[in-house]
Amino acid sequence: MEDELRHLSDTLDKYDEVIDDSRLKLSNLKNLYKSDYDAMLEEKFKLEGEIKSIERAKNSPYFARIDFESNTNKDICYIGKLGVTDYDNNIITVDWRAPISSLYYDSNVGDAKYISPDGLISGKLLLKRQYTIENSKLINYNDVDTVSNDELLKPYLSVSADTRLKNIVSTIQSEQNKIIRYPITKNLIVQGVAGSGKTTVALHRIAYLVYNYRNLYKPGDYMVIGPNKFFVSYISGILPDLDVNGVKEYTTLELALNYIEEPFKVNNSLDVLKEKDDISKFKISMDMKKEIDLYFESLKILPDVDFTIKGVKILSNNVVKRIYEEINTKIYKSVKSKVDRLILLIDKYIEENNDSIISSLIKDKIDKKIIEDYKNNINIYLKKYFTVLNIKVKDIYINILKRNNIDIKNINLNEIDIEDIYPLMYIKYKIIGSNFDNYKHIVIDEAQDYGEFNFYVLKKLFKNATFSIYGDLAQSLYPYRSIDNWECLQDIFDDIDMLKLNKSYRTTIEIMNEANKINKQLNLDIALPVIRHGDEVEYTNKNILDIINELKEKYKTIAIITKDVKESQALYNKLNNKIYINLIDKDNINFNSDINILPSYLSKGLEFDAVILLNKNNFNRNSVIDLKLLYVSMTRALHKLVIID
């Protein structure tokens with residue numbers, strides 16, 4: 001223990017030295033960079049960020065140690081959330097994302113190997129040690145000799161929900177680590193049961209990729225797509241804690257509306273839970289893609305009239321058609337790219353034939369002002385000539401819906417449902433192409449709620465990116481607009497692998513066993529809980545205020561989950577004057593209290609120390625949707641689940 005205390009003290013001293021050196025460099029930037037203001041500003045932001053990161057890391061500078069002996073040398077590595085080196089390039093702590101750190105997550109003590117930038121390194125892992133360091137103080141440490149051990153996880157899993165997320169790096173399990181370190185060149189589906197760590201693994205995978213591919217890609221080349229603002233708000237604090245800033249985070253709606261750039265009001269379809277809807281199913285199916293493709297195959301790009309300027313013919317319609325036939329439509333696919341290419345070719349044609357065109361205009365005694373206008377503003381007039389560039393996404397969509405005898409009243413009023421989003425995006429893509437060529441990797445969370453067509457559109461938009469797709473078919477709440485299997489994605493993504501996370505780290509055995517009864521009824525994968533026991537699931541008719549007050553004495557975060565938003569609102573109105581409580585709905589996405597009321601369909605992806613499930617009998621046991629809502633609600637609890645019949 002004395003040696004470990006001494007090492008921690010030395011590490012903190014070295015951290016302080018690095019901070020002091022960075023501050024000294026910061027104060028001398030003007031002298032170092034002199035007139036190169038942009039380079040100075042870039043270095044300033046970099047140093048300020050490093051100082052903040054190291055200051056934050058001082059609370060817990062490392063969580064593990066490995067001793068590894070290869071043929072060439074022996075490495076003693078203290079692994080932390082942040083890799084820190086001094087100004088002489090001596091390693092103080094090793095970043096958890098570094099190649100050698102994989103030994104801690106994936107290897108037993110004994111013969112071991114890892115892949116470094118120089119190739120495979122083999123040797124012996126002599127020591128694996130875990131540390132608990134809080135507020136710069138060593139609480140305890142213990143040696144580990146296996147890849148993973150559920151007993152060792154217990155102290156980390158028994159903490160409160162807000163603390164638990166902060167410890168994930170030190171508790172990454174081998175099956176999670178495989179996903180995190182999966183090559184960026186591969187598309188990946190992760191089917192994970194409730195509580196298996198899908199979201200945290202997804203974010204740690206981005207942190208890993210940002211770190212290991214930092215010489216190739218910027219953080220802004222990555223994007224996370226979440227299901228709603230509430231969810232994005234919930235996860236937004238994790239990446240900065242992993243020393244990653246600049247990764248784009250969007251909800252599906254934000255991404256779509258920013259891209260479509262037309263004023264639509266989106267109805268809150270989170271409140272719409274229904275078993276079957278043929279029209280919604282059609283809108284997110286590949287049949288809708290075919291309908292849109294057919295429309296654009298017959299879309300007239302060329303005007304039927306001659307190209308004129310102020311009534312004066314410059315080129316005949318036949319000449320324009322002849323030039324258009326030179327375009328390679330396999331390369332230029334969108335309407336805009338075809339028209340842009342056509343304008344360039346017409347420009348070239350006019351330049352080559354400019355003398356004869358002007359001679360003809362002079363011969364026809366055309367006003368000199370018009371001739372000057374022609375010379376100076378030809379491109380402006382060409383863009384006006386191709387009226388197809390002014391086509392609206394909404395108008396095309398209305399035409400397609402009318403052709404399929406689908407009601408267009410809401411669309412005419414600029415009102416759409418969530419299932420209209422992807423047809424509109426695909427129409428926009430057919431018009432202008434993609435605006436997202438810079439992105440290299442896309443993370444989709446809660447992907448079980450996407451339709452096959454949704455994935456197709458995203459693959460088209462992010463044509464230069466690979467995808468990590470995370471979801472749980474047991475938590476799919478919208479069968480009228482969702483996939484029911486992952487295999488259908490193999491036709492969309494040329495090269496895609498699937499990995500499973502069947503172990504639940506969130507809930508106790510008692511809670512997971514109760515929730516697994518629903519999975520059995522739905523013939524879905526059974527979640528395997530970590531060996532962590534707790535209280536039996538409590539069924540009661542006690543007064544809800546009494547239950548809350550009992551739970552408050554033991555647990556920090558409490559959620560009261562109802563089936564729908566009406567029940568949540570009614571309960572909030574009843575309790576609001578009696579205790580400090582927060583209602584979460586589509587209009588409020590923030591945690592303002594340790595006690596929250598929310599509907600079941602907004603609880604996906606979230607976790608709380610204790611959950612009170614209100615009116616279980618309101619969930620229809622013969623309805624697939626209601627069973628999944630019940631499963632989602634039950635599996636939000638870390639330690640305690642109380643069910644009011």
- So, the side chain of Q176 versus the backbone of V201: is there a donor-acceptor pair under 3.5 Å, distance only? no

- Task: Verify side-chain contact (heavy atoms from CB on, under 4.5 Å) between I19 and R23, making sure each step is shown before the conclusion.
- Result: CA-CA 6 Å; I19 291 170; R23 284 179 176 152; 3.6 Å; yes

- Query: Where do L188 and L499 land on the side-chain contact (heavy atoms from CB on, under 4.5 Å) test, with the steps shown first?
  - Reply: CA-CA 8 Å; L188 183 63; L499 298 176; 3.9 Å; yes

- Is the closest side-chain donor-acceptor distance between Q130 and Y104 under 3.5 Å? yes

- Query: Under 4.5 Å between any side-chain heavy atoms of V443 and I206, yes or no?
  - Reply: yes

- Message: For D293 and K430: C-alpha separation, side-chain torsions, deciding distance, then whether salt bridge (charged side-chain N to carboxylate O under 4.0 Å, His left out) applies.
- Response: CA-CA 8 Å; D293 287 342; K430 298 288 280 187; 3.2 Å; yes

- Might you work through the side-chain contact (heavy atoms from CB on, under 4.5 Å) test for V94 and S101, ending with a clear yes or no? CA-CA 8 Å; V94 176; S101 298; 3.6 Å; yes

- Message: Main chain of S337, side chain of S334: is a donor-acceptor contact present, judged purely on distance under 3.5 Å?
- Response: yes

- Between R506 and R636, is any pair of side-chain heavy atoms under 4.5 Å apart? yes

- Close side-chain approach of P423 to I292, heavy-atom, < 4.5 Å: yes

- Task: Could you verify whether a donor N or O on one side chain and an acceptor N or O on the other, from N464 and K440, lie under 3.5 Å apart?
- Result: no

- Ionic contact status for D420 with K283, cut-off 4.0 Å: yes

- Message: Which label fits Y105 and F63: parallel for a plane angle under 30°, tilted from 30 to 60°, or perpendicular past 60°?
- Response: tilted

- Task: Take K44 and E48 through the test salt bridge (charged side-chain N to carboxylate O under 4.0 Å, His left out) and record every step on the way to the result.
- Result: CA-CA 6 Å; K44 178 177 180 288; E48 287 175 343; 2.9 Å; yes

- Do the rings of Y217 and Y213 sit parallel, tilted or perpendicular, given the 30° and 60° boundaries? parallel

- Within 6.0 angstrom of D494 CG, more than 12 heavy atoms from elsewhere: no

- Is there a donor in the side chain of Y182 and an acceptor in the side chain of D497, or the other way round, less than 3.5 Å apart? yes

- S196 side chain to V193 main-chain N or O, any donor-acceptor pair under 3.5 Å? yes

- Query: Under a 4.5 Å cut-off applied to non-hydrogen side-chain atoms, are I391 and V335 in contact?
  - Reply: no

- E446/K604 salt bridge by N-O under 4.0 Å criterion: yes

- Query: Which heavy atom in A194 sits nearest to a heavy atom in T635, and how many Å separate them?
  - Reply: CB-OG1, 3.5 Å

- Item | E326/R341 ion pair, N-O < 4.0 Å | no

- For residues F455 and Y450, establish whether the separation of their ring centroids is below 6.0 Å. yes

- Message: Treating N212 as the side-chain partner and R97 as the backbone partner, does any N or O pair qualify as donor plus acceptor under 3.5 Å?
- Response: yes

- Residue K281 excluded, over 12 heavy atoms near NZ under 6.0 Å: yes

- Item | E262 side chain to V393 backbone, donor-acceptor under 3.5 Å | yes

- Message: Side chains of Y259 and N435: any donor to acceptor distance under 3.5 Å?
- Response: no

- Salt bridge between K46 and E42, side-chain N to carboxylate O under 4.0 Å? no

- Side-chain donor/acceptor of H441 to backbone N/O of Y222, under 3.5 Å: no

- Note on the structure: Closest heavy-atom pair, V18 versus D86, reported as atoms and distance to 0.1 Å, is CG2-CA, 3.8 Å

- Item | Within 6.0 Å of NZ in K333, more than 12 heavy atoms from elsewhere | no

- Query: Any side-chain heavy atom of E43 sitting closer than 4.5 Å to one from L47?
  - Reply: yes

- Applying side-chain contact (heavy atoms from CB on, under 4.5 Å), run through Y114 and S102 and close with a yes or a no. CA-CA 7 Å; Y114 71 97; S102 64; 3.7 Å; yes

- What pair of heavy atoms forms the shortest contact from N485 to C488, and how long is it? OD1-N, 3.0 Å

- Query: Among side-chain atoms of D445 and T199, is any donor-acceptor pair under 3.5 angstrom?
  - Reply: yes

- Task: Kindly indicate whether the side chain of V84, heavy atoms from C-beta on, has any atom under 4.5 Å from the side chain of K58.
- Result: no

- Message: Hydrogens and angles aside, do S22 and E50 bring a side-chain donor and acceptor to less than 3.5 Å of each other?
- Response: no

- Is a side-chain donor or acceptor of D88 paired with a backbone partner of N90 at a separation under 3.5 angstrom? no

- Message: Donor-acceptor pair, distance only, cut-off 3.5 Å: does the side chain of K428 make one with the backbone of I260?
- Response: yes

- Task: Taking E249 for its side chain and M223 for its backbone only, find out whether a donor-acceptor pair lies under 3.5 Å.
- Result: no

- What is the distance from atom CZ of R181 to atom CD1 of I115, rounded to the nearest 0.5 Å? 11.0 Å

- Task: Check the surroundings of atom NZ in K460: do more than 12 heavy atoms from other residues, nucleotides or ligands lie under 6.0 Å from it?
- Result: no

- Task: For the residue pair T11 and T93, establish whether any side-chain heavy-atom pair is separated by less than 4.5 Å.
- Result: yes

- Message: With heavy-atom distances below 4.5 Å as the criterion, would you say the side chains of Q448 and I483 are in contact?
- Response: no

- Message: Quick check on I91: does its CD1 atom have over 12 non-hydrogen neighbours (other residues, nucleotides or ligands) under 6.0 Å away?
- Response: no

